[in-house]
Amino acid sequence: MVEDGSPLERERRAKVERIRTAGGEPYPWSFPGRVATSEVVVRAKALSPGTHSEGGELLAVAGRLRTTRTHGKTSFLDVEDLAGGLQLFLRVDELGEEGYARALSVVDPGDLIGARGVPLQTRRGEPSLLVSELVLLAKAIHPPPEKFHGLQDPEERIRRRYVDLLSSPETRQRFVARSLLVRELRAFLDSEGFLEFETASLVPTASGAAAEPFRTHSNYLNGPLQLRISLELPLKRLLVGGLERVYEIGHVFRNEDLDSIHSPEFSELEVYWAYADYHDMRALTERMYERLARRIAELLPDSPAAREAPTRFRPPFATVDFVSELEQRSGITDLLHKSREELRALARAAGARVPDESPAGKFLDKLFEHYVEPTLDRPTFVLDYPELTTPLAKRHRSRPGLVERFELFSQGLELGNAYTELNDPDEQEARFRAQLQGSGDDHYAYDGDFVEALRFGMPPATGFGIGIDRLMMALTGIASIKDVILFLPVRPRPG
RNA sequence: GGGCCCGUAGCUCAGUCGGUAGAGCAGGCGGCUCUUAACCGCAAGGUCAGGGGUUCGAAUCCCCUCGGGCCCGCCA
């Protein structure tokens with residue numbers, strides 16, 4: 001922020017200079033032999049209060065200094081690492097008058113420090129390290145946020161996520177949990193025989209969903225490119241190529257507003273499975289959520305929502321039929337034979353604000369959103385959507401006017417969308433063209449090369465997609481997507 | 001894109017009726033050999049987001065700009 005610095009920063013810079021003039025190094029290269037603070041805590045807990053281990057080897061810990069409590073010739077320093085934290089006990093008796101004074105004069109809260117010593121349990125039973133050597137590992141010029149309240153300003157927490165992370169163990173644990181949850185997801189899919197692939201983010205035409213793309217320019221092609229809005233069509237090309245069971249976890253980009261459940265850049269999982277249909281995918285989805293729910297409960301034992309997840313996501317999940325559920329909840333009859341104008345009037349009557357020229361499927365979506373989605377609290381599969389709503393799914397094998405599709409809902413969030421995939425090239429081409437009849441941006445971009453791919457033969461298959469961010473939100477009960485994405489798009493700071 | 005709200009010390013927050021800026025933490029100096037949001041004393045720390053206006057006088061009232069939050073609309 002301020003380059004010449006606040007008085008506090010000038011003070012800390014002056015300390016750096018004092019260390020250097022005394023022949024010390026404020027930013028040393030390494031700190032060998034370090035163990036996690038949790039290891040010292042375990043050993044200290046084995047002692048009785050008021051004692052320390054005798055004659056054993058020295059243990060080394062390192063981390064960020066959070067608070068200091070000095071009592072003249074005795075001091076307590078709380079150091080924090082990813083494993084938790086530990087109280088350091090400094091005493092003139094161990095360090096000598098000069099060493100004790102030097103150690104304390106050099107370090108401030110927020111600094112990265114290392115300490116060597118032996119495990120000790122204080123008289124009050126606090127696991128500690130009786131320090132015989134304290135070293136500065138990296139000086140913090142900026143002071144850390146207030147030690148009790150931490151960083152509260154939501155703007156600063158997003159703009160400077162590193163400050164949020166360094167000052168908040170809860171934030172760190174949340175993102176560690178996300179990382180390990182995604183690891184579990186990969187382990188599950190791998191164990192089911194799926195292969196992970198990475199497809200291109202830069203594409204000639206973003207398709208596979210109805211969304212506004214980001215547009216950019218390639219110097220190499222001397223022409224326009226777009227950022228992908230979906231993983232669907234590239235992964236289906238892999239099925240054409242014979243890869244049978246594939247998935248991708250990657251960022252997709254939609255040029256739209258950010259709110260509590262949407263971000264312009266987000267993580268998506270898509271899974272495609274040859275020679276299987278959407279019933280198979282429904283069973284796989286249940287197994288996946290069952291396993292992830294068990295894992296999140298282990299990862300975040302302090303979160304009530306995470307602890308409750310294994311109960312909530314215990315199979316079998318409820319199922320409802322899209323059309324009959326909507327007819328029942330709304331009192332509308334013979335839904336599939338309504339004209340576009342009738343559907344528009346019904347959607348309007350339900351309070352939906354949709355442009356007049358929207359395709360008929362849009363009005364059906366709105367009706368479902370209004371009458372049914374709020375009733376879906378427990379995990380529920382919604383089955384068999386009207387064809388109008390879904391251009392990439394295969395028509396239902398026995399129910400005219402419907403496609404083989406399910407969505408999974410829980411707590412008002414959409415937790416998955418799956419189809420038996422359309423693999424008839426002529427029908428796919430016709431559906432793309434029908435989309436183009438709709439006005440506005442509310443359609444799927446035509447992807448002629450994908451139709452060409454289908455002409456080489458794509459096996460019957462099923463596919464599934466879910467936003468990783470929402471998956472994390474649903475399993476942990478976190479209400480805002482801003483709390484599960486590390487770095488969000490922000491405006492440049494003024495000035 | 002529309003509506004409502006917010007921006008005061010590095011951080012967390014007060015600031016009454018418009019009368020010229022306060023506390024805690026962090027930092028400095030001093031004290032304290034078992035504290036844990038340690039404690040006690042002293043001193044220091046401000047472009048009240050930025051610009052303009054009203055007024056004898058603006059953190060406070062009005063307008064504009066910037067940044068952000070929440071709700072609504074759109075996408076998952």
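Computation of the quantities below employed the complete heavy-atom set of this structure, encompassing side-chain atoms and omitting hydrogens, waters and symmetry-equivalent molecules. What you see is a predicted model; the values in this text were computed from it and never measured. We name chains A, B, ... by the order of the sequence lines, and we start the count at 1 in each one.
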| task | Output yes if the stacking criterion (under 5.5 Å between centres, under 30° between planes) is met for A:His142 over the base of B:G10, else no. | result | no
| message | Measuring to OP1 and OP2 of B:U36, would you say a side-chain N or O of A:Arg124 lies under 4.0 angstrom away? | response | yes
Sequence neighbours left out, cut at 3.5 Å: what donor-acceptor pairs do the side chains of residues 103-125 of chain A make with other protein atoms?
residue	atom	partner	partner atom	Å
A:Ser105	OG	A:Ala101	O	3.4
A:Ser105	OG	A:Arg102	O	2.9
A:Asp108	OD1	A:Lys15	NZ	2.6
A:Asp108	OD2	A:Lys15	NZ	2.9
A:Asp108	OD2	A:Lys139	NZ	2.7
A:Asp111	OD1	A:Ala140	N	2.9
A:Asp111	OD2	A:Asp108	N	2.7
A:Asp111	OD2	A:Lys139	NZ	2.7
A:Arg116	NE	A:Glu133	OE1	3.1
A:Arg116	NH1	A:Pro32	O	3.2
A:Gln121	NE2	A:Ala44	O	2.9
A:Gln121	NE2	A:Leu47	O	2.9
A:Thr122	OG1	A:Arg124	N	3.4
A:Thr122	OG1	A:Gly125	N	3.3
A:Thr122	OG1	A:Glu126	N	2.9

| Paired with B:G1 by Watson-Crick or G-U wobble geometry, both distances under 3.5 Å: which nucleotide is it? | B:C72
| Between B:C39 and B:C32 - C1' atom distance, rounded Å | 9 Å
| note | Any strand, both distances under 3.5 Å, Watson-Crick or G-U wobble: B:G18 pairs with none
| query | So, do A:Trp273 and A:Phe194 have ring centers that fall under 6.0 Å from each other? | reply | yes
| said: Once rounded to the nearest 0.5 Å, what's the spacing between atom CG of A:Asp259 and atom NZ of A:Lys482? | reply: 8.0 Å
| said: With side-chain contact (heavy atoms from CB on, under 4.5 Å) as the test, pick out the partner of A:Ser75 among A:Leu134, A:Val131, A:Leu90. | reply: A:Leu90
| message | Looking only at side-chain N and O atoms, does A:Arg178 offer a donor or acceptor that is under 3.5 Å from a partner on A:Gln173? | response | no
| field | ring-ring contact (aromatic ring centres under 6.0 Å, His included) partners of residues 93-140 of chain A, not counting sequence neighbours, each pair once | value | none
| Base, backbone or nothing for each nucleotide of nucleotides 39-46 of chain B, written B, S, -, heavy atoms under 4.0 angstrom, 5' to 3'? | ------S-
Can you give me the N/O atom pairs linking the protein to nucleotides 69-71 of chain B at distances under 3.5 Å, or say none if there are none?
residue	atom	partner	partner atom	Å
B:G69	OP1	A:Lys482	NZ	2.8
B:C70	OP2	A:Lys482	NZ	3.2

| said: Please list all pairs meeting ring-ring contact (aromatic ring centres under 6.0 Å, His included) that have one or both residues in residues 346-380 of chain A, counting only residues at least two apart or in different chains. | reply: A:Phe322-A:Phe368
| query | On a plain distance test, is the side chain of A:Asp153 in donor-acceptor contact with the base of B:U12 below 3.5 Å? | reply | no
| What does B:G7 pair with, Watson-Crick or G-U, if both distances are under 3.5 Å? | B:C66
| field | Where at least one partner belongs to residues 144-174 of chain A, residue pairs that pass ring-ring contact (aromatic ring centres under 6.0 Å, His included), sequence neighbours excluded | value | none
| Watson-Crick or G-U wobble partner of B:U54, both distances under 3.5 Å | none
| request: Report which part of the nucleic acid A:Glu126 touches: base, sugar-phosphate, or nothing (heavy-atom distance under 4.0 Å, all strands). | output: base
